[in-house]
Q: 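Please see the structure below; I have some questions.
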There are 2 protein chains.
Amino acid sequence: MSVKDKGTEQLIKDTAKKIFFAEGKLHATTQDIADAAGVNRTLVHYYFRSRKLLFEQVTEEAMDELRHIMSDAFTGKQTFQEKLKKLINAFMDQTIAFPYRELFLITETNRYDTEHADEVHDTHTKPFLAEIKAEMDKGAIKAMDPRHFMMNLFSLMAYPLLSSKLSKGFMKITDHEYVKLMKQRKQLIFEMIYPQ
Amino acid sequence: MSVKDKGTEQLIKDTAKKIFFAEGKLHATTQDIADAAGVNRTLVHYYFRSRKLLFEQVTEEAMDELRHIMSDAFTGKQTFQEKLKKLINAFMDQTIAFPYRELFLITETNRYDTEHADEVHDTHTKPFLAEIKAEMDKGAIKAMDPRHFMMNLFSLMAYPLLSSKLSKGFMKITDHEYVKLMKQRKQLIFEMIYPQ
DNA sequence: TTAATGTTTGACAATTTTGTTAAGCAAATG
DNA sequence: CATTTGCTTAACAAAATTGTCAAACATTAA
């Protein structure tokens with residue numbers, strides 16, 4: 001099923017996500033989005049009422065996507081090591097496709113001072129933190145505040161893709177080389193986080 | 001010398017940096033900046049001609065600040081270990097004060113497709129990468145592409161501060177606790193990067 | 001076919017943001 | 001004291017962006 005076949009509403013939303021999350025153009029106007037989607041700008045208002053509501057919907061769905069990564073990876077009876085690999089694999093794939101998704105969320109939450117869902121913690125994050133703690137007690141990974149562990153993990157996965165333009169400039173890395181480096185990171189991050 | 005005493009031009013620039021880099025309000029208008037600085041908006045145009053020129057100046061100075069961190073830390077005859085500590089200390093302090101500085105640079109470079117300074121590499125980054133490589137050859141740190149090492153380092157330093165709102169939400173961390181965690185990271189990052 | 005329903009469009013209005021101008025003001029220089 | 005100079009302001013103009021509306025169009029059901 002192509003992007004076009006999903007109907008105009010979905011097309012507009014997907015195009016907005018592409019512009020925000022993949023291209024990192026956070027200042028895109030409704031006109032920019034309509035143009036990229038190849039539709040009349042009025043349709044943005046027809047389907048979403050206002051620019052703000054489109055943004056809110058996109059933001060909410062992006063938050064959901066983030067939430068689900070952890071619940072997807074950390075359910076089931078696999079070992080911690082296997083779950084961790086699954087998490088790294090899924091998150092990296094998504095972040096390669098949409099490097100600026102979190103950047104969008106951060107700037108949007110800074111824009112208006114919206115507090116975001118609290119129940120997330122209990123359902124998704126808390127079990128994850130508990131498993132980390134258990135793994136530390138076993139001595140499998142270095143003891144530290146599990147929240148530091150989690151921050152380290154997500155930092156190593158997200159930041160290099162978020163800052164690719166800066167990194168390319170500072171380290172003189174070509175686009176081609178950068179892709180190669182990013183592909184190596186799944187394994188590399190696992191080894192840093194979970195030393196053999 | 002207080003912020004006010006530096007003259008209006010500097011005051012406007014400093015206020016803009018505070019809004020962009022400290023508060024992460026990337027969509028701030030010239031009116032927002034003028035209000036925060038307590039001056040008439042016309043002064044923004046008087047001193048900087050246009051919004052775009054103010055942004056370019058702020059961007060350029062932020063790039064310079066980033067460049068200097070590495071040259072500052074990596075000149076002199078200290079050991080690699082000492083230089084690394086110096087770098088972590090300086091970068092973390094700056095990032096705690098201005099967590100969104102890089103976020104601003106990333107979105108601005110995404111906005112217009114500006115290529116950024118190449119000579120940076122030779123003067124600052126290349127010697128740093130060479131020292132990393134030497135340290136790996138000595139066996140002091142785990143062997144990998146030195147560029148990965150550098151990415152890891154900056155990821156661990158920058159990302160948790162950049163994403164503090166998301167992290168606080170997902171892990172239910174209070175503002176107070178977050179500050180405490182961030183203060184611990186200087187040491188923690190050094191230990192992750194440079195295992196004893 | 002006709003009516004009903006949902007979709008798309010262009011023209012227009014409103015709002016927000018940026019940029020310009022001329023005049024006022026204050027310090028300091030002759 | 002008069003003048004120059006740089007700084008500041010309010011009022012206005014221009015541009016960019018968002019939002020509205022009625023009419024045209026297409027699709028489906030009666």
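In the text below, chain A, chain B and the rest are named by the order of the sequence lines, each starting its count at 1.
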Q: Please report the distance, rounded to the nearest Å, between NE2 in B/H45 and P in C/dT20.
A: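 The distance from NE2 of B/H45 to P of C/dT20 comes to 7 Å, rounded to the nearest Å.
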Q: Report the distance from atom CZ of B/R51 to atom C1' of C/dT20, rounded to the nearest whole Å.
A: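 For the pair B/R51 CZ and C/dT20 C1', the rounded distance is 18 Å.
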Q: With hydrogens left out and only the distance checked, is there a donor-acceptor pair under 3.5 Å joining A/T29's side chain and the base of D/dA16?
A: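 Between D/dA16 and A/T29, which were checked side chain against base, a qualifying N/O pair under 3.5 Å is absent.
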Q: For the CG atom of A/N152 and the OH atom of B/Y159, what is their distance to the nearest 0.5 Å?
A: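 With rounding to 0.5 Å, CG (A/N152) is 12.5 Å from OH (B/Y159).
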Q: May I have the distance from B/Y47 (atom OH) to C/dT20 (atom P), rounded to whole angstrom?
A: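 To the nearest whole Å, that distance equals 17 Å.
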Q: So, A/E56 and A/T59: side-chain donor and acceptor under 3.5 Å apart, yes or no?
A: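 There is no such pair (donor and acceptor under 3.5 Å, judged by atom type) between the side chains of A/E56 and A/T59.
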Q: Nearest to the side chain of B/S50, which nucleotide is it out of D/dG19, C/dG19, C/dG6?
A: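 Comparing D/dG19, C/dG19, C/dG6 against the side chain of B/S50, the answer is C/dG19.
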Q: On the 0 to 90° scale, with breaks at 30° and 60°, tag the A/F149-A/F80 ring pair as parallel, tilted or perpendicular.
A: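 Geometry flag for A/F80 against A/F149: tilted rings.
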Q: Could you give the CZ-to-P distance, from A/F55 to D/dT17, as a whole number of Å?
A: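 After rounding, the gap between these two atoms is 12 Å.
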Q: Which nucleotide, D/dT9, C/dT20, C/dT9, lies nearest any side-chain atom of A/L43?
A: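 So the nucleotide nearest the side chain must be C/dT9.
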Q: Rounded to whole Å, please give me the gap between CG in B/L11 and P in D/dC7.
A: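 One finds 14 Å between P of D/dC7 and CG of B/L11, rounded.
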Q: Would you indicate which nucleotide in C/dT8, D/dT9, D/dT18 comes nearest to any side-chain atom of B/T42?
A: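 The answer is D/dT9.
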Q: What's the CZ-C1' distance between B/R111 and D/dA16, to the nearest Å?
A: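 So the two atoms are 13 Å apart, to the nearest Å.
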Q: A/F55 vs A/F104 aromatic rings, parallel, tilted or perpendicular, using cut-offs 30° and 60°?
A: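 A/F55 vs A/F104 ring planes: tilted.
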Q: Round to a whole Å and report the spacing from NZ of A/K52 to P of C/dT15.
A: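 After rounding, the reported distance stands at 16 Å.
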Q: Looking only at the side chain of A/N40 (C-beta and beyond, no hydrogens), which of the listed nucleotides D/dT8, C/dT18, C/dT9 gets closest?
A: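 Nucleotide nearest to A/N40's side chain: C/dT9.
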Q: Output the rounded distance in Å from CD1 (B/I12) to P (C/dT18).
A: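 Going from B/I12 (CD1) to C/dT18 (P), I get 14 Å.
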Q: Under 4.0 angstrom, heavy atoms only, what part of the nucleic acid is A/F48 near: base, sugar-phosphate, or nothing?
A: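 The answer is nothing, as A/F48 stays clear of every strand by at least 4.0 Å.
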Q: Looking at B/T30, does any N or O in its side chain come under 4.0 Å of the phosphate oxygens OP1/OP2 on C/dT17?
A: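 No, B/T30 has no side-chain N/O under 4.0 Å of OP1/OP2 on C/dT17.
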Q: Quick one: does B/R41 reach the base of C/dG19 with a side-chain donor-acceptor pair under 3.5 Å?
A: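 Checked by distance alone, the answer is yes.
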Q: Using atom types as modelled and distance alone, determine if a side-chain donor or acceptor of B/T79 lies under 3.5 Å from a backbone N or O of B/E82.
A: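 Indeed, once roles are kept as given, a pair shorter than 3.5 Å links the two residues.
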